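Before any comments, here is the structure.
Labels below follow one simple rule: chain letters A, B, ... track the order of the sequence lines, proteins then strands, and each chain is numbered from 1. As the structure is a prediction and not an experimental result, all values here were calculated from the model.
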2 protein chains.
Amino acid sequence: MKSSLPEATVGRLPLYLRALGIVSATQVTVSSDQLADLAGVKSAQVRKDLSYTGSHGVRGVGYDIAELRSQIAVALGLQAECAIAIVGAGNLGSALANYPGFGGSGFKVVAILDIDRAKVGQDIHGITVQDLAELEPVVDTLEVGIVVIATPADAAQEVADRAVKAGVRSILNFAPTVLKRPDDVHVRRVDLSTELQILSFHLHDLHATA
Amino acid sequence: MKSSLPEATVGRLPLYLRALGIVSATQVTVSSDQLADLAGVKSAQVRKDLSYTGSHGVRGVGYDIAELRSQIAVALGLQAECAIAIVGAGNLGSALANYPGFGGSGFKVVAILDIDRAKVGQDIHGITVQDLAELEPVVDTLEVGIVVIATPADAAQEVADRAVKAGVRSILNFAPTVLKRPDDVHVRRVDLSTELQILSFHLHDLHATA
DNA sequence: TAGATTGTTAATCGATTAACAATC
DNA sequence: TAGATTGTTAATCGATTAACAATC
């Protein structure tokens, strides 16, 4: 699977987008140096990343903020609204449903599902929890593009399998498992205990040198 | 800042640890091939990663699971219990406090702080929410090693600055901001809207080739 | 023009991987 | 011994970065 943009670049474009939101309050154009500072990277990196999106900066001036924003949005495919289904209505699933970043900027949580009958029918932030059995029709009817897995680890693989079978090609996995899936299915893993363990390493890394 | 292990390796060790937990139910030794399969990487990668930790596999046999577990735990600094303070007692902060991965495996949430007086005094999963003003004494007294920032974006930098000043060197940041900090402070960023935007890219990446 | 900043090159760096000798 | 699997090398791949000509 080769993509039109380097994966690392794709991961930084959202940072630039956020930086543009900040500078747009006071400026019309922005330099790669400013963006680099706000995104925590080098300016050469910014220029290279932006060149992939076909951006057009002006030498001696910088990038037009409005133009760049829409160019990045197009590159990331953010024009179309994207429907999200969250599986798992526990603490995390509920928090995610409430997360402002999910609602804003083209993403919309259209369904929350859980296997626990006690949770089915509950209202979370205006969305009624549905039975997990409804996953396939929900994906189909509501044209779900991204499934967020917020279940315990042992349920994650089965949910992923079903989602993939139903046509989903993008999964955001919060369960602490590495999901098996076909090559054309993209999975982003957000693993809190892994993050902690990585920080733990640095906390104790006595061999580190400045 | 140069570390004793490649950063990419550090990020994979937790996966191997989890895989070891799975295979330990049925086996005493494990091959790099098995670990690779469970972690979703190549076996050569596993062997290389493990070689950094000073592991000792046996040719023709594999790795002793118990030995490997403790070797990885040592490499990640997981022997000592690590105290965590969560800043922000909103939906996300509360969910994090309840997250099983935080409690288990050597990490312990010792404090939750919030600037909102209405939340101070509330009980979250057995921990009383404290006033954010208490951050410094809490870090000091409870020997907090990791601060988790679960505040809105506009509060994150200030919280980080104060935590760093109080001696914290590891931050897990859930706020959608790139934090400025000294070189010796490690920040892991978990950004849900960035994850979604990355998935959005792949969803629309028509130039992708198999 | 003088100053600023882009776009791109080429060098560098680091990480991945296939392959295989070593050896249990 | 024969089979399995490690540890490590060397090749490859991809990503970062300094540097600077181009040019607004």
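Regarding contacts with the backbone of C/dG7, a side-chain N or O of A/Tyr63 is found under 4.0 angstrom from either OP1 or OP2. Contact annotation: B/Lys42 does not reach the phosphate of C/dT16 (side-chain N/O to OP1 or OP2, under 4.0 Å).
Taking both residues in full, the closest heavy atoms of B/Thr177 and B/Arg189 are given as O-CD, 3.7 Å, listed atom of the first, atom of the second, then distance. Nearest heavy-atom pair across B/Ala80 and A/His204 is CB-NE2, 4.3 Å. In terms of heavy atoms, B/Leu203 sits closest to A/Ser170 at CD1-OG, 3.2 Å. When every heavy atom of A/Ile112 is checked against every heavy atom of A/Gly88, the shortest pair comes out as CG2-O, 4.5 Å.
Counting to the nearest Å, the C1' atom of D/dT6 and the CG atom of B/Asp33 are 12 Å from each other. Spacing between atom NE2 of A/His56 and atom C1' of C/dT8 amounts to 14 Å, rounded to whole angstrom units. Between the P atom of D/dT5 and the CG atom of B/Leu50 lies a distance of 15 Å, rounded to the nearest Å. For the pair A/Leu5 CG and D/dA15 P, the interatomic distance rounds to 11 Å; values are reported in whole Å. With rounding to whole Å, B/Gln45 atom CD is found 15 Å from D/dG7 atom P. The nearest whole Å value for the distance from the CG atom in A/Leu35 to the P atom in C/dT5 is 12 Å. Across the protein-nucleic acid pair, B/Asp49 atom CG and D/dT8 atom C1' stand 14 Å apart, rounded to whole Å. One interatomic measurement links the two molecules: OH of B/Tyr52 to P of D/dG7, which rounds to 14 Å at whole-angstrom precision.
A salt bridge between A/Asp37 and B/Lys180 is present, with a side-chain N of the basic residue lying under 4.0 Å from a carboxylate O of the acidic one.
Across all strands, B/Ser32 comes closer than 4.0 Å only to sugar-phosphate atoms, never to a base (heavy-atom distances).
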- Dot-bracket encoding of pairs in DNA chain C, which uses [ ] for pseudoknotted crossings and | for another strand, Watson-Crick or G-U under 3.5 angstrom: ..||||||||||||||||||||||

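Comparing D/dT5, D/dA15, C/dT6 against the side chain of B/Ser31 picks out D/dT5 as the nearest. Checked against C/dA15, C/dT5, D/dT9, the side chain of B/Lys48 finds its nearest nucleotide in D/dT9.
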- Message: Each nucleotide in nucleotides 19-24 of chain D should get exactly one letter: B, S or -. Can you fill that in based on protein heavy atoms under 4.0 Å?
- Response: B--BBB

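Side-chain atoms of A/Arg162 come within 3.5 Å of backbone atoms of A/Leu132 as a donor-acceptor pair (strictly under, hydrogens ignored). Side chain of A/Arg18 to backbone of B/Pro176: a donor-acceptor contact under 3.5 angstrom is found. Put simply, the side chain of B/Ser43 never gets that close to the backbone of B/Ser32: no donor and acceptor are under 3.5 Å apart.
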- Message: Between A/Leu35 and A/Leu68, is the side-chain contact (heavy atoms from CB on, under 4.5 Å) condition met? List the steps.
- Response: CA-CA 11 Å; A/Leu35 286 177; A/Leu68 192 51; 4.0 Å; yes

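Residue-to-nucleotide proximity on DNA chain C shows that, of A/Ser55 and B/Thr9, the 5′-proximal contact is made by A/Ser55.
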